[in-house]
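Below is one structure, written out as structure tokens, with a few remarks after it.
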Amino acid sequence: MVSIKSDREIELMREAGKILASVHNEIANYIKPGLSTLEIDKFAEKFVKKNNASCSFYHLYDFPGNFCISVNDEVIHGIPKRDVIIKEGDIVKIDGGVCFKGYQSDAARTVIVGKVSDEVNKLVERTKQSFFEGIKYAVPGNHISDIGAGIEMYIEQFGYGIVEDYVGHGIGKKVHEDPEIPNFATVKKGILIKKNMTFAVEPMINLGTYEVYTADDNWTVKTADGKPSSHYENTIVITDNGPEILSLI
Ligand code: MF3
Ligand code: CO
């Protein structure tokens, strides 16, 4: 069931989104070589709690961290660890969920640490752009599949792999609600998009193959070929005039 949110619910999601957007901005400034992903996680937790909110992923499906932090060929769901140390040239995917007064926001950024190759720089930039290309189609009267088709249409010219095993989703009182939102064109059109629906759109784009696998820690999803992957995600609400991004400031 895809729920339509009331204006009050959207206001709370907007608040959650603002907190999440600020923590992302803070983390981007904080990350530097020598920090462990666990230290970044603790930094995020402190910031979120200071803002009277909580980290939604903590213990969600038993996830053992506050935020998911995934480095280079790790695509998503990286567990914050004491012994994973950030170094110059890394790309770090920070994926966070914030709950404020019972309402969720979900957003991911890819942070470039120092200098990376032109190839990786472009991957990160284009992954972010693909989100904006996709949400152009998130308007009342379109179908869910129009979003993924928009992402794929933009990404295909670069020959990147679009991750298929993990997708975007509805969001509200829960982090994961209906519908699923693939980042690629699908045969099924999906539901009709309506005003006041709220979605997390999150392209995961690989430099090489689209194929991924889950590592031995049972969480971290990695690219099959060991090449880097980028992730960009925001929570949006559908308005009469198109999408409003709730988790970006
Ligand atoms: N970040 C994921 C998403 O964007 C959800 C993480 S679930 C967790 O949908 F259990 F790993 F935290
Ligand atoms: Co999400």
Side-chain angles (χ1 to χ4, degrees), residues 2-3 5 13 16-17 19-21 23-24 27 37-38 40-42 44-45 48-49 53-71 74-81 84 91-100 103-111 127-128 130-132 134-135 138 144 147-148 151 162-184 190 197-206 212-222 229-238 243 245-248:
V2 180
S3 64
K5 274 71 180 181
M13 291 182 71
I19 297 167
L20 184 50
V23 72
H24 271 306
I27 292 170
T37 55
L38 186 66
I40 300 167
D41 189 64
K42 292 293 167 204
E45 182 190 13
V48 170
K49 288 186 173 164
S54 61
C55 294
S56 321
F57 301 163
Y58 180 70
H59 286 184
L60 180 67
Y61 318 118
D62 294 328
F63 181 72
N66 293 293
F67 276 28
C68 300
I69 306 181
S70 316
V71 184
E74 297 172 351
V75 180
I76 45 165
H77 297 171
I79 300 174
K81 291 172 186 161
V84 176
I91 56 170
V92 188
K93 274 90 18 154
I94 310 283
D95 188 353
V98 158
C99 183
F100 181 75
Y103 285 86
Q104 306 286 346
S105 191
D106 183 1
R109 306 281 184 263
T110 297
V111 179
T127 300
K128 178 176 179 179
S130 76
F131 163 85
F132 291 96
I135 66 163
I144 286 296
I147 299 173
I151 293 171
I162 300 177
V163 174
E164 294 183 359
D165 291 357
Y166 300 87
V167 295
H169 47 92
I171 180 167
K173 279 187 176 160
K174 291 194 294 174
V175 175
H176 292 144
E177 297 185 353
D178 288 340
E180 290 198 343
I181 307 174
N183 297 302
F184 47 90
M197 285 182 174
T198 45
F199 302 141
V201 177
E202 51 177 316
M204 289 149 267
I205 310 293
N206 299 345
V212 298
Y213 70 98
T214 305
D216 290 340
D217 64 12
N218 285 323
W219 272 104
T220 314
V221 176
K222 302 177 77 167
S229 178
S230 187
H231 187 198
Y232 188 82
E233 172 183 28
N234 278 306
T235 298
I236 65 170
V237 57
I238 308 302
I245 304 173
L246 299 176
S247 53
L248 190 64

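In each ligand, atom 1 is the first atom listed, and ligand 1 is the first ligand listed. Atoms considered below: every heavy atom in the structure, side chains included; atoms not considered: hydrogens, waters and symmetry mates. Worth saying up front: this structure is predicted, and the values here are computed from it rather than measured.
- Contacts between Phe57 and ligand 1, counted as non-hydrogen atom pairs separated by less than 4.0 Å, involve both the backbone and the side chain.
- Proximity of Ala200 to ligand 1, defined as any heavy-atom pair under 4.0 Å, is not found for any part of the residue.
- Scanning the protein for heavy atoms near atom 2 (C) of ligand 1, the closest one is Asp95 OD2, 3.5 Å.
- Note on His169: counted as a metal contact of the Co ion (ligand 2), an N/O/S atom lying under 2.8 Å.
- Annotation for ligand 1: atoms under 4.0 Å from non-hydrogen atoms of Asp106 are 3 (C), 4 (O), 9 (O).
- Residue contact check: Glu233 has heavy atoms under 4.0 Å from atoms 4 (O) of ligand 1.
- Remark: minimum distance from atom 9 (O) of ligand 1 to any protein heavy atom is reached at His176 NE2, 2.7 Å.
- In terms of polar-atom proximity, defined here as any N/O pair under 3.5 Å, Glu202 does make such a contact with ligand 1.
- Residue contact check for ligand 1: Trp219 places a non-hydrogen atom closer than 4.0 Å to it.
- Ring-centre distance between His176 and Tyr61: below the 6.0 Å cut-off.
- Close contacts of ligand 1 with Tyr61, meaning ligand atoms under 4.0 Å from a residue heavy atom, involve 10 (F).
- Looking only at heavy atoms of the protein, atom 7 (S) of ligand 1 is closest to Leu60 CD2, 3.9 Å.
- Under a 4.0 Å criterion applied to the non-hydrogen atoms of His169, ligand 1 contributes the atoms 3 (C), 4 (O), 9 (O).
- Atom CD1 of Ile171 sits about 7.5 Å away from atom CD of Glu177, to the nearest 0.5 Å.
- Among protein heavy atoms, the minimum distance from atom 6 (C) of ligand 1 is reached at His77 NE2, 3.8 Å.
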